[in-house]
Amino acid sequence: MKEKLTRNLGLKILSLLMAVFIWLIILNIANPVIQKSFYNIPVTKINENAIEQKDKVYEVVSGDSVDVTVKAKRSVIETLHATDIKAVADLSELSLVNAVQIKVSVPGHDRSIVDISQSASTMKVSLENLKTEQFRINVVTHGEVASGYYAKDKTASPNIIQVSGAETVINRIKEVDVDVDVSNQRQSFEKSAVPKVYDKNGTLMEEDKLKLNYDTVDVAVNLLQTKTVNLYIEVTGTPYPGYEYEKFEFEPKQVVIAGEKDELDKVQYIMGEYNIDNQKEDKEDQVKISDFIKNDVVLIDDNQTAVVNLKIRRLDSKDLSYNTSEIEMRNVPTGLMASLKSNFLHVMLYGNTDNLNLVNKYNVKPYIDLKGVKTGTNILPVELDLPKDVTLNKTSVAVNVKHAGSTESRAVMDQIHK
């Protein structure tokens, strides 16, 4: 038996080796090593906080994706997908030229991979100073509330948001808004909204370049009922002497207000005033209607101002002259004596020609009311009893008041009697 096993031993060993070799050839032919390329594999960035800790932000210049070619047995390659390829850039290993190596691997198949090659070996980034700034959140409504209602208060909570990013990006920010749809709403409501950042051109900015300290904010919208009321504006004051207002017009005659129902019920109309003191020429003007509102309601009309049109005309005039003795002193206090310091008095009357022609120095007498005066020099107005539509230009004179028993007073009395 032993002889049979050892007979032709060399030949038997050679046969075994040839069988193994043939088996390997057959196996290799059936499952050869091949390669496959995978394109645009995204590069995952890790340890980004290493840059943030230096108060910097980064932006990828190149190398945010790579093409990868894998060599392996056919049986392995046929099971691989793009999602199996991992490309990683560790930003904590950033070089002095702001580059970091891209490491590619096929997790779970490391021993089966013959070779891996990639289109880019490094990722390059640019660094910029990190800037953080606070912005007020503006609530922007879209749509129209139900008829008869008005969206008054629109508040965000919180109303201040903190935005961080590259300094050049933050400097471009104009405002932060939240959009709320109020279409057909009939009552106040609250909802969550996502803040949106806009640049100085009104363009929505890229979210991935900004970091906000709130992802959403709560928005409250307060709805009020509306009401249409009449607007009245009255003329007050007196035009410049010698002038009168001929016509006064204003628009609008009606406005829309909003408020709580009990407050709206208190407002039947809005009354305003327009002062024309010392006015002597026609005038077109505007006044704020809200200045006339006294109740707890708000003006929501398209017309926030009223346009007024004032027509002024110049009156005819007439000059009358009197001497001291022609001026009556009325209501002289007991024990006192009054006298004018001047010898003549000139007064100017205004009105239309027909009315002025009815007036002369003989049918209108000037007088001075001394009720309540004290001794000494008093500046007092001159008055005349004038017919309707004739006015007196305000005139004042100096009146000297003395005790009636004084020597000077008796001399004045003697002079008056003469």
Side-chain angles (χ1 to χ4, degrees), residues 233-248 273-285 308-418:
I233 302 179
E234 293 182 339
V235 173
T236 62
T238 305
Y240 192 82
Y243 294 82
E244 70 176 3
Y245 91 84
E246 185 177 15
K247 192 175 184 181
F248 179 76
E273 295 180 347
Y274 188 75
N275 189 281
I276 62 170
D277 275 338
N278 297 315
Q279 192 67 34
K280 58 181 179 179
E281 59 184 14
D282 296 346
K283 188 174 183 180
E284 292 183 357
D285 200 2
V308 299
N309 193 325
L310 177 67
K311 295 292 184 182
I312 295 286
R313 72 181 181 92
R314 184 184 181 92
L315 296 170
D316 296 325
S317 63
K318 189 172 188 177
D319 185 24
L320 299 180
S321 296
Y322 299 87
N323 58 40
T324 303
S325 61
E326 295 175 307
I327 303 173
E328 180 185 357
M329 299 292 182
R330 295 184 182 179
N331 300 317
V332 180
T334 303
L336 297 180
M337 168 106 184
S339 62
L340 290 175
K341 287 196 170 186
S342 58
N343 295 324
F344 297 96
L345 172 67
H346 297 281
V347 295
M348 182 71 70
L349 304 181
Y350 297 105
N352 61 49
T353 302
D354 291 339
N355 290 329
L356 289 177
N357 287 338
L358 300 175
V359 178
N360 58 59
K361 67 174 292 183
Y362 302 106
N363 59 15
V364 290
K365 295 294 185 180
Y367 66 91
I368 300 173
D369 189 348
L370 283 88
K371 184 178 181 180
V373 297
K374 297 180 180 179
T375 57
T377 300
N378 294 261
I379 305 300
L380 300 172
V382 176
E383 300 181 53
L384 288 86
D385 293 323
L386 296 169
K388 186 180 180 182
D389 297 327
V390 176
T391 59
L392 169 68
N393 185 25
K394 292 181 180 179
T395 304
S396 297
V397 293
V399 180
N400 192 26
V401 179
K402 298 285 186 179
H403 290 287
S406 67
T407 302
E408 183 178 351
S409 297
R410 288 195 297 273
V412 171
M413 288 295 292
D414 290 343
Q415 183 66 30
I416 293 175
H417 289 309
K418 289 180 181 181

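The first residue of the sequence shown is numbered 1, and numbering continues consecutively from there. Being a predicted model, the structure only gives us computed values, none of them experimental.
Contact of the Val347 side chain with the Leu345 side chain is registered, since non-hydrogen atoms from C-beta on lie closer than 4.5 Å. For the pair Asn309 and Lys311, the minimum side-chain heavy-atom distance is below 4.5 Å. Counting heavy atoms from C-beta on, the side chains of Val397 and Ile327 never come closer than 4.5 Å. Asp277 places a side-chain heavy atom less than 4.5 Å from the side chain of Thr238. With contacts defined as side-chain heavy-atom distances shorter than 4.5 Å, the pair Pro387/Asn355 does not qualify. By the 4.5 Å heavy-atom criterion applied to side chains, Glu281 and Ile312 are not counted as neighbours. In this structure, Leu349 and Leu356 have side chains that are in contact, with non-hydrogen atoms separated by less than 4.5 Å. Under the 4.5 Å side-chain criterion, counting only non-hydrogen atoms from C-beta, Tyr322 is in contact with Lys361.
How far CG of Leu320 is from CE of Met348: 9.0 Å, rounded to the nearest 0.5 Å. Taking CG of Leu386 as the start and CG of Leu358 as the end, the distance is 12.0 Å to the nearest 0.5 Å. Atom CG of residue Asn363 and atom CG of residue Asp385 lie 11.0 Å apart, to the nearest 0.5 angstrom. The CG atom of Leu315 sits 10.0 Å away from atom CD of Glu246, with the distance rounded to the nearest 0.5 Å. Residue Leu336 holds its CG atom at 12.5 Å from CE of Met329, rounded to the nearest 0.5 Å. Note: Thr236 OG1 to Ile233 CD1 = 11.0 Å, rounded to the nearest 0.5 Å.
Atom OH of Tyr240 has 12 or fewer neighbouring heavy atoms from other residues, nucleotides or ligands inside a 6.0 Å radius. Heavy-atom contacts from other residues, nucleotides or ligands closer than 6.0 Å to OH of Tyr274 number more than 12. The neighbour count for Lys365 NZ, taken as heavy atoms of other residues, nucleotides or ligands under 6.0 Å away, is above 12.
Listed by chain and number, the residues in a salt bridge (Lys or Arg N to Asp or Glu O under 4.0 Å) with Glu328 are Arg330 (sequence neighbours excluded).
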- Task: Go through the steps to decide whether Val308 and Glu284 satisfy the test side chain to side chain contact (heavy atoms under 4.5 Å, CB included), and finish with yes or no.
- Result: CA-CA 6 Å; Val308 299; Glu284 292 183 357; over 6 Å; no
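Closest heavy-atom contact between Ala338 and Val399: CB-CG1, 3.8 Å. Shown here for His346 and Ser321, the closest heavy-atom pair between the two residues is ND1-OG, 2.6 Å. Minimum heavy-atom separation, Gln279 to Leu310: CG-CD2, 3.7 Å. Closest non-hydrogen pair, Tyr350 versus Gly242, comes out as CD2-CA, 3.2 Å. Across all their heavy atoms, Gly376 and Asn378 have their closest contact at O-ND2, 3.2 Å.
In terms of modelled atom types and a separation under 3.5 Å, the side chain of Thr324 and the main chain of Ser342 share a donor-acceptor contact. Thr395 places a side-chain N or O within 3.5 Å of a backbone atom of Asn393 that can act as its donor or acceptor partner. No side-chain donor-acceptor contact under 3.5 Å links Asn400 to the backbone of Ala398.
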Between side-chain atoms of residues 367-375 and protein atoms elsewhere (two or more places apart, or another chain), which donor-acceptor pairs fall under 3.5 Å?
{"residue": "Tyr367", "atom": "OH", "partner": "Glu383", "partner atom": "OE1", "Å": "3.3"}
{"residue": "Asp369", "atom": "OD1", "partner": "Asn331", "partner atom": "ND2", "Å": "2.9"}
{"residue": "Asp369", "atom": "OD1", "partner": "Lys371", "partner atom": "N", "Å": "3.1"}

